[in-house]
Amino acid sequence: MRLSHAFIPTLKETPNEAQIASHRLMLRAGLVRQTSAGIYAWLPLGLRVLRNIERIVREEQDGAGAQEILMPTIQPAELWKESGRYEDYGKEMLRIRDRHERDMLYGPTNEEMVTDLFRQSVKSYRELPQILYHIQWKFRDEVRPRFGVMRGREFLMKDAYSFDLDHAGAVASYRKMMLAYMRTFQRMGLKAIPMEADTGPIGGDLSHEFIILAPTGESQVYYDAAFEEIDYLSAGAGGFSHEKPEDLARFFQEMTTHYAATDEKHDTARWDQVTAERKREGRGIEVGHIFYFGTKYTKSMGATVAGPDGKQVHPEMGSYGIGVSRLVGAVIEASHDDAGIIWPDSIAPFKAAILNLKIGDAACDALCEQLYAAFGGNALYDDRTDRAGAKFADADLMGHPWQIVVGPRGAAAGKVELKRRATGERVEVTPAEALSRIG
RNA sequence: CGGAGCGUAGCGCAGCCUGGUAGCGCAUCAGUCUGGGGGACUGGAGGUCGUGGGUUCGAAUCCCGCCGCUCCGACCA
């Protein structure tokens, strides 16, 4: 993408409404624009990040055996009346009436709908387990939307739902999803800590929230250094496979024996048993939440399958959410400096920015065009006529992992300057060398 | 939902108290010079002062209603 003609409206000053770092930077770098309280339009740069996060989430869900579907945003009220949540959900649910005076709603979540889909078609225990997921916009009419996309009213969420014949199966599904989550966050360059969470009115002992560390997080968290040391992506010895029950058991053991708690659930007695050099604490942002809730919906909505003995049983369910749009903000909270965003390579909107410091200089132009072509569209070429300083400032603001700086001095000698955004380190290299380093 | 604040050009703000010409910086457009960390100069364009009503000869300014947005607290992917 050529910056001179890109719809990337960067701002020199911070809009008054943006208070926290991610919100400020998302507006300044031209990722989003607000259209109402808690509702945002995604512009090219922001959308590319959102899609990258989606891609990683999707790959990890698929890898764990979940199947992607896409349920609608608008749902009929009847389903929610069946489960009893039409009344319980209260004013957070956006209720709509269509032209036939039918009660509809903009989905805040999809347990009812997925249970309905399931009960229509799955009739035998032989078809279990099933894990279905989708990545879809949700609407929750929050009393107080804030922090930009971190607490929006309309937000993009990956929600998965597991159906198993019995409790043991549900636990296995839960563990698979938990592993998928840890892998997902690691791939995004985030340190995520799973914390035991309240299960609410449903009860049960299986609910975890996933907290990523960021200085501006909303809650204080305490955890064992072990969570930082585990490599969830490793496939070899010591790694974890979704396929092997013993791996999942060992993984779950790891996740639940090391200490991790938010300040509400902080247990100072247990914390004291963690040795000093392994104690970690900081601020955290919740980016995912998983639940096991058994037969709550399959019972209330009459979903049954035939068991091995021919009798009808209510499958056991779990649900698993990742706040996809929230992650964009959360990553920025976890990774920025005074100059702007610092994208992890895996979700950066572009692999690199190419800064042409002297548009019109034959050597600079030719070199930049050649580099730009080599990226096949996966680079942002700053071909504006602005001065160098403005280009540096915008590139830092937008947070491209790499900057390839092409100036007249270097271009004449066939050299470019390669800057790593995260460290600020710069080296002078040949264009070919720059390309191979960026990979 | 309780408490507080804000709405004037794309963004950041002043003007309001004490009513009378709508202003500044940045951005933007044209031109000249410049050219490695948000340049300089010259000239332009851009505003129903959130909205409806009231007071007044006259309202951005005073009064009332409404709408929108933000912040703090309780709740949430």
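To find a chain, count down the sequence lines: A is the first, B the second, and so on, and within it residues start at 1. Basis for what follows: all heavy atoms, side chains included, without hydrogens, waters or symmetry-related copies.
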Undergrad: Quantified in whole Å, what is the C1' atom distance between nucleotide B/U32 and nucleotide B/G36?
TA: 23 Å

Undergrad: If you check the A/S36 side chain, which of B/A74, B/C69, B/G36 turns out closest?
TA: B/C69

Undergrad: Without decimals, in angstroms, what is the distance between A/L355 CG and B/G35 P?
TA: 19 Å

Undergrad: Which base, if any, makes a Watson-Crick or G-U wobble pair with B/C69, both distances under 3.5 Å?
TA: B/G5

Undergrad: How is A/G288 classified with respect to the nucleic acid when contacts are heavy atoms under 4.0 Å: base, sugar-phosphate, or nothing?
TA: sugar-phosphate

Undergrad: Which pairs of donor and acceptor atoms, one on a side chain in residues 424-431 of chain A, lie under 3.5 Å apart (sequence neighbours left out)?
TA:
from   : atom 1 : to     : atom 2 : distance (Å)
A/R426 : NH1    : A/E417 : OE2    : 3.2
A/T430 : OG1    : A/E433 : N      : 3.1

Undergrad: What's A/A393 touching, base or sugar-phosphate or nothing? Going by heavy atoms closer than 4.0 Å.
TA: base

Undergrad: Looking at B/G10, which nucleotide sits across from it as a Watson-Crick or G-U wobble partner, both distances under 3.5 angstrom, or is there none?
TA: B/C26

Undergrad: How is A/G152 classified with respect to the nucleic acid when contacts are heavy atoms under 4.0 Å: base, sugar-phosphate, or nothing?
TA: base

Undergrad: Looking only at side-chain atoms of A/L357, point me to the closest of B/G36, B/A77, B/U70.
TA: B/G36

Undergrad: If you look only at pairs with a residue in residues 210-219 of chain A, which of them pass as a salt bridge (charged side-chain N to carboxylate O under 4.0 Å, His left out), with sequence neighbours excluded?
TA: A/R151-A/E218

Undergrad: So, A/H23 versus A/F147, ring centres under 6.0 angstrom or not?
TA: no

Undergrad: Rounding to the closest angstrom, what is the interatomic distance between B/C17 and B/C76 at atom C1'?
TA: 43 Å

Undergrad: In terms of the angle between their ring planes, are A/Y181 and A/F185 parallel, tilted or perpendicular, with boundaries placed at 30° and 60°?
TA: perpendicular

Undergrad: Paired with B/G52 by Watson-Crick or G-U wobble geometry, both distances under 3.5 Å: which nucleotide is it?
TA: B/C64

Undergrad: Distance check needed: B/C13 C1' versus A/K12 NZ, whole Å only.
TA: 16 Å

Undergrad: Is there any protein nitrogen or oxygen under 3.5 Å from a nitrogen or oxygen in nucleotides 1-10 of chain B, and what are the pairs?
TA:
from : atom 1 : to    : atom 2 : distance (Å)
B/C1 : OP1    : A/K91 : NZ     : 3.2

Undergrad: Taking a pair as Watson-Crick or G-U wobble with both distances under 3.5 Å, which nucleotide is matched to B/G47?
TA: none

Undergrad: What integer number of Å spans the P atoms of B/C67 and B/C24?
TA: 36 Å

Undergrad: When we call it a touch if two heavy atoms are under 4.0 Å apart, what does A/V324 touch: a base, just sugar-phosphate, or nothing?
TA: nothing

Undergrad: Round to a whole Å and report the spacing from CG of A/D382 to P of B/G37.
TA: 15 Å

Undergrad: How far does the P atom of B/U8 sit from the matching atom of B/G47, given to the nearest Å?
TA: 15 Å

Undergrad: Starting at atom CZ of A/R387, determine the distance to atom P of B/G37, rounded to an integer number of angstrom.
TA: 9 Å

Undergrad: Counting any heavy atom closer than 4.0 Å, what does A/T385 reach on the DNA or RNA strands: base, sugar-phosphate only, or nothing?
TA: base

Undergrad: Separation of A/E17 atom CD from B/G12 atom C1', in whole Å?
TA: 11 Å

Undergrad: Has the side chain of A/R426 got a donor or acceptor that lies under 3.5 Å from a partner of the other kind on the base of B/G37?
TA: yes

Undergrad: With respect to the phosphate group of B/C72, does any side-chain polar atom (N or O) of A/Q19 fall under 4.0 Å of OP1 or OP2?
TA: no

Undergrad: Distance between the C1' atoms of B/A14 and B/A9, in whole angstroms?
TA: 14 Å

Undergrad: With sugar-phosphate meaning primed atoms plus P, OP1 and OP2, does A/G389 contact a base, only sugar-phosphate, or nothing at under 4.0 Å between heavy atoms?
TA: sugar-phosphate

Undergrad: For the C1' atoms, the ones on B/G50 and on B/A60, what distance do you get once it is rounded to whole angstrom?
TA: 12 Å

Undergrad: Closest approach to the side chain of A/R326, judged atom by atom: which nucleotide of B/C76, B/G38, B/C71 is it?
TA: B/C76

Undergrad: Could you check how far CZ of A/R28 sits from P of B/G38, rounded to whole Å?
TA: 14 Å

Undergrad: Please tell me which of the listed nucleotides, B/G38, B/C11, B/A74, lies nearest to the side chain of A/P15?
TA: B/C11

Undergrad: Check residues 315-322 of chain A and write down every donor-acceptor pair under 3.5 Å in which the side-chain atom is one partner and the other belongs to a residue at least two apart or another chain.
TA:
from   : atom 1 : to     : atom 2 : distance (Å)
A/E316 : OE1    : A/Y292 : OH     : 2.2
A/S319 : OG     : A/E111 : OE2    : 3.3
A/Y320 : OH     : A/S162 : OG     : 2.7

Undergrad: Dump the pairs, protein N or O against N or O of nucleotides 28-31 of chain B, anything under 3.5 Å, distances to one decimal.
TA:
none

Undergrad: If I pick the C1' atom on B/C16 and the same atom on B/C63, what distance separates them, to the nearest angstrom?
TA: 14 Å

Undergrad: The test is salt bridge (Lys or Arg N to Asp or Glu O under 4.0 Å); show your working for A/R384 and A/D394 and say whether it passes.
TA: CA-CA 11 Å; A/R384 298 174 302 176; A/D394 270 344; 3.0 Å; yes

Undergrad: Of all heavy-atom pairs between A/R175 and A/F251, which one has the smallest distance, and what is that distance?
TA: O-CE2, 3.8 Å

Undergrad: Assuming nearest nucleotide by heavy-atom distance, tell me which of A/L156 and A/R384 is located more 5' along RNA chain B.
TA: A/R384

Undergrad: Report the distance from atom CD of A/E218 to atom P of B/G73, rounded to the nearest whole Å.
TA: 11 Å

Undergrad: Angle class for the A/W137/A/W42 ring planes (parallel below 30°, perpendicular above 60°, tilted otherwise)?
TA: tilted

Undergrad: Is the ring centre of A/F155 under 5.5 Å from the base ring centre of B/A77, and are the two planes under 30° apart, so that they stack?
TA: yes

Undergrad: Return the set of residues passing ring-ring contact (aromatic ring centres under 6.0 Å, His included) with A/Y86 (not counting sequence neighbours), or none when no residue passes.
TA: none

Undergrad: Taking atom NZ of A/K265 as the centre, report whether more than 12 heavy atoms of other residues, nucleotides or ligands fall under 6.0 Å from it.
TA: yes

Undergrad: How many whole angstroms separate atom NE2 of A/H23 from atom P of B/C69?
TA: 12 Å

Undergrad: Sort out the partner of B/G19 for me: Watson-Crick or G-U wobble, both distances under 3.5 Å, none otherwise.
TA: none

Undergrad: I'd like to know if A/D345 and A/K351 make a salt bridge, using a cut-off of under 4.0 Å between side-chain N and carboxylate O.
TA: no

Undergrad: A/E142 has a side chain; which of B/C76, B/G36, B/U70 sits nearest to it?
TA: B/C76

Undergrad: In whole Å, what separates the C1' atom of B/C62 from that of B/C49?
TA: 16 Å

Undergrad: Centre-to-centre under 6.0 Å for A/H289 and A/F291, is that the case here?
TA: yes

Undergrad: Please state whether the base of B/C76 and the side chain of A/R151 form at least one donor-acceptor pair under 3.5 Å?
TA: yes

Undergrad: Using a 4.0 Å heavy-atom cut-off, does A/Q34 contact any base of the nucleic acid, only the sugar-phosphate backbone, or nothing at all?
TA: sugar-phosphate

Undergrad: RNA chain B: A/V405 or A/V149, which has the more 5' nearest nucleotide?
TA: A/V405

Undergrad: Over all heavy atoms of both residues, which pair between A/K391 and A/N356 is shortest? Give the atoms and the distance, please.
TA: NZ-O, 2.6 Å

Undergrad: Using Watson-Crick or G-U wobble geometry with both distances under 3.5 Å, which nucleotide pairs with B/C33?
TA: B/G39

Undergrad: Who does B/A74 pair with, Watson-Crick or G-U, both distances under 3.5 Å?
TA: none

Undergrad: Mind listing the closest non-hydrogen atom pair of A/V324 and A/K158 along with its distance?
TA: CG2-N, 3.8 Å

